[in-house]
Structures are given as C-alpha cells and as structure tokens.
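What follows is a short report on a single structure.
All figures in this text were calculated on a predicted structure; none of them were measured in a lab.
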Amino acid sequence: MSNEQLNCDVLVVGGGGAGLAAAIEARDQGAHVLLIEKNTALGGSTAWSIGSVTSSGTRYQKKRGIVDSPEDHWADMPGFAGDLDARDNAPLRRILCEEIPATFQWLLDSGVHFMGPMPEPPHRQPRMHNVLPNSRSFIYHLKKRALRAGVQIRTGLRVTELLQDGERVTGVVAQGVDGPCLIRAKAGVVLAAGDFTNDPQFKARFMGPQEAKVEGVNQTATGDGQRMAEGLGARIVNGDLALGPEIRFIAPAKENWIRQLPPWRWLAVFMEWALEHLPQSILRPFMMKFLTTALAPSTSLFEMGAILVNAQGERLGNELDRPAWRLPDQTDKAGFIVIDAALAKQFSAWPHYISTAPGIAYAYVPDYRQNRRDVFTEAHTLEALAQRLNMDAATLQRSAAQGPVRPLGDGPYVALGPVRSVFVHNEGGLAVDTEHRVLNASGVPIAGLYAAGSTGQGGLLLKGHGHHLAWAFVSGRRAGRFAAQTMAAQSN
C-alpha cells in the first residue's frame with residue numbers, strides 16, 4: 001500500500017473546465033499548483049456538454065455589429081429563472097455577467113474557437129457561442145495551457161477526506177490505484193468536482209425517491225466536493241433544482257465523426273470559416289451528425305399524439321404528465337416513442353422537429369432515419385413494428401389505441417428509441433461568498449476551502465444554454481486567483 005505524500009500551495013480537485021481554469025489562474029499568480037482528477041482522463045461534465053458559452057462583448061458579436069453589455073446580460077438572466085428568480089444569488093450573477101467577457105477572451109487566447117453568437121430568447125441579443133469542433137476542445141487547450149504554465153496534473157486520484165489544522169483546510173487524503181495519498185496544500189483547496197446528478201443519496205434527499213432512480217448524463221458526477229465540504233459544516237443551496245429528469249435518446253454505441261474530430265486549432269479555424277461562408281445545403285448534413293446524437297426529443301411529439309411505450313409495448317401512463325419520471329421503473333430504464341404516418345410526415349419539416357440545438361439547426365424524421373438507424377425503427381404495420389422491437393404485438397396495438405390525444409392512425413409506423421430519462425445538470429452547489437470561499441451554516445468562510453463550477457454554484461441559477469460553462473470558467477479562474485492570493489498574504 002502506498003503512503004505517498006505530496007505538497008503544493010494550491011490543490012485543485014477536479015479536472016473539468018472549472019478545475020483547469022482554477023489551476024491555470026493560481027499558477028499565473030505564482031503558486032505551486034497540483035490538480036487531481038478521480039477519472040483516468042480530464043474532462044468532467046465540460047467534455048460531455050454541447051459546448052455553449054454565453055457572453056456579451058465578444059469579438060463574434062462585434063463582427064456582426066451587435067451592441068451588447070454585461071449590464072444587459074444581467075438584466076436578461078431573470079427571464080430564464082422565471083418564478084424561481086427570488087432564489088437566485090444576485091451578487092454571483094453580477095460577477096458572472098461582468099467577468100465572462102474577459103474570460104471568453106481568455107478562452108480565445110487559450111486556443112478555443114467558436115461559432116455564433118446564436119439567439120436564445122429571452123436574451124435580447126445573440127449571446128450563445130458554440131465551441132468548435134466539439135466540447136473536448138476546452139479540455140484539450142486548457143490542459144496544454146496548464147502544462148505550459150507548470151501546473152502538475154495527476155489523474156486516477158479520488159479525494160476521500162478534507163484535512164484541517166485547527167479550523168483551516170490544509171489538504172486532502174486521496175485514493176489511487178496504489179493506495180492512499182496525503183496531499184498538503186499550503187494556501188488552500190479548490191473544490192471543482194462537479195454536481196451530484198448521478199448520486200442517488202443526494203437526489204433522494206433534495207428531490208425525492210423517484211428522482212433518485214434517474215441517472216446523470218455524466219456517470220461520475222457524484223457530488224464528491226459537496227459531500228466532503230458538508231462534513232466540515234458547509235451547506236448546499238438549491239439542491240432541489242435540476243435540468244431533468246428529461247427524456248433523451250441513448251447515445252450512439254460508437255461516437256460519430258463529429259465527436260471524434262481532434263480539437264486542433266487549424267481545424268477549428270477552418271470550421272469557423274466554413275460555417276460563415278458555405279451554403280446551408282452543404283453544412284446541414286454536417287450539422288445533423290451533431291444534432292442527432294443524444295439530445296432530447298421534443299415534447300410536442302406527445303402533445304400531437306405520439307405514445308411512449310416500454311420494451312414490452314405497454315404505455316407508461318399519460319405522456320403529457322411527466323413521463324420522464326416513469327421511465328426509470330421500466331426494463332433497462334428505457335422506452336420507445338411511437339408515431340404513425342401522419343405524425344411522421346408532420347415531423348419531417350418545420351415547425352415540427354424531433355430535436356434541436358438552439359440557434360444551430362433542427363432535426364426531423366428523415367434526419368434520424370439517415371443518421372441514427374440505431375434509434376429508428378420503421379414498419380408498415382404495428383405487428384411488424386412489434387416484431388422488429390421484440391415486443392408483444394397485442395400489447396403494442398392496445399397502446400396505439402389509447403394515445404394521449406388520439407389513437408394512432410395508419411402506418412407506416414416509426415419507433416424512436418430507446419430513450420431514457422436523465423439529469424443533465426443540477427444547481428445544488430455549496431454556499432460560497434463573492435471570493436468563492438465555502439461558507440459554513442452560519443455564513444462564515446471555512447478557511448482554506450474554495451469551490452468553483454457546479455460544486456461552488458452558491459445558489460446562482462444558470463438556466464439557459466451557455467451559462468453553466470460560463471460560470472465554470474469565470475468561477476474557476478476567480479477561485480484559483482483568490483486561493484493563490486491567500487498564499488501571498490500568508491507570506492507577508
């Protein structure tokens with residue numbers, strides 16, 4: 001058994017976007033920085049994301065003559081929160097909106113490229129920028145920048161305990177393949193370990209027993225940072241709020257070539273040029289490779305008469321009444337969306353789409369027929385469809401006669417699926433102050449402990465595409481900077 005001991009000034013726990021940003025910024029402040037990641041590779045939820053960053057004042061906006069400001073961004077964000085706006089953390093929202101323009105430029109300086117900006121109401125201006133060629137670009141370029149700066153990176157180390165000297169956090173105990181490892185951090189520890197979308201205990205506690213059955217998109221998002229900080233008296237804010245459960249198509253067994261594209265700078269530059277200059281007739285097939293991966297089917301399918309059945313062909317209940325909550329109780333936690341010929345025709349053209357990435361494109365029935373044969377089954381009769389899906393024909397026929405709006409009509413019939421229920425992300429982060437110090441139940445900072453990204457969301461509401469990644473990079477940079485400045489203050 002290993003009893004390895006490591007020393008650093010700032011320890012960053014988590015190798016996603018927030019963690020890498022924290023490590024780079026702390027190192028730029030002169031700290032000796034160690035970043036550890038429990039998985040064998042960096043990435044976290046950042047690498048799983050669509051890759052949108054929402055910002056005002058970018059060169060992409062200026063190129064299009066868009067006049068925008070952090071103040072306008074700040075004013076628009078409550079439109080996403082709606083009735084929940086009273087639960088938002090206004091000071092952190094101010095920080096996000098004021099600092100994301102500089103952080104967006106920092107991403108560009110790191111080698112990241114985008115397309116956009118895209119409109120997304122209630123934003124009054126297009127602010128959503130989508131990374132090129134895929135979300136792994138963030139990790140690729142930030143890892144390179146971190147290593148160039150001198151950040152030490154260790155993967156395969158999972159933190160199991162925060163260590164204190166008196167009231168101050170001074171390090172962690174981590175577990176690797178060779179045994180435990182003791183890591184001392186002179187200035188402090190930055191928790192950037194993501195959310196708890198795949199931890200049943202946290203979900204049961206904050207959301208309910210049925211939600212606890214729903215898996216997270218990121219299987220390793222288990223709330224490690226929140227759990228350890230709670231052990232020191234920290235508290236979680238807005239743990240009951242999440243994007244999900246929502247129905248999503250299963251991911252392809254093999255990643256398509258869009259996700260496999262290497263995040264090379266020259267390739268991103270070429271893609272950026274192509275998206276601005278090539279006609280849609282050429283670009284659309286490329287977009288569909290991205291758009292038909294693992295996105296959410298439109299709820300309008302059910303509103304217009306589609307049915308949701310399990311692997312036996314039995315309806316799960318009323319499709320218009322939270323069907324995503326019932327999928328986890330089915331065989332393999334999966335189901336199929338079944339439509340008739342009339343619906344298939346309707347959902348083959350605007351305005352009725354199967355899935356979308358806002359501001360990018362819309363995917364229709366023919367797109368799934370071409371790009372996702374693994375989730376597209378078609379047959380002229382319900383009996384034939386049942387046979388192809390290994391369902392009981394009589395059960396499927398009964399389900400078709402009991403649709404939420406009307407019985408299914410004539411064939412040919414299409415089954416889209418398997419689909420499953422997932423949590424994409426949740427808002428349950430640790431309470432933090434405006435310097436990203438973790439707060440205890442009395443609102444007092446826990447000395448030496450910082451949190452960023454989803455772990456340190458602090459009650460900030462991040463609905464709308466591009467706000468979670470924006471917060472990851474903004475809060476990560478700030479947490480790393482403040483932790484390193486603590487080291488400087490200690491030496492004076």
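With a 4.5 Å cut-off on side-chain heavy atoms, T58 and P101 do not count as touching.
Here the two rings, on H436 and W471, have centers that are under 6.0 Å apart. Note: H113 and H141 fail the aromatic proximity criterion, with ring centroids not under 6.0 Å apart.
Aromatic ring pairs are classed by plane angle as parallel below 30°, tilted from 30° to 60° and perpendicular above 60°; the pair F206 and F196 is parallel. Between F104 and H129, the two ring planes are tilted [angle within 30° to 60°].
Counting non-hydrogen atoms of neighbouring residues, nucleotides and ligands closer than 6.0 angstrom, the CG atom of D85 exceeds 12 such neighbours. Residue Q219 qualifies as enclosed at atom CD: its count of foreign heavy atoms under 6.0 Å is above 12. Around the CG atom of D329, the shell of radius 6.0 Å holds more than 12 heavy atoms that belong to other residues, nucleotides or ligands.
Neither side chain, W74 nor E98, offers a donor N or O lying under 3.5 Å from an acceptor on the other. No side-chain donor-acceptor contact under 3.5 Å links H123 and H465.
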side-chain contact (heavy atoms from CB on, under 4.5 Å) between T170 and K186, worked out:
CA-CA 6 Å; T170 56; K186 184 189 303 183; over 6 Å; no
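In this structure a side-chain-to-backbone donor-acceptor pair under 3.5 Å is present from T455 to G194. Distance alone, capped at 3.5 Å, places no donor-acceptor pair between the T155 side chain and the K38 backbone.
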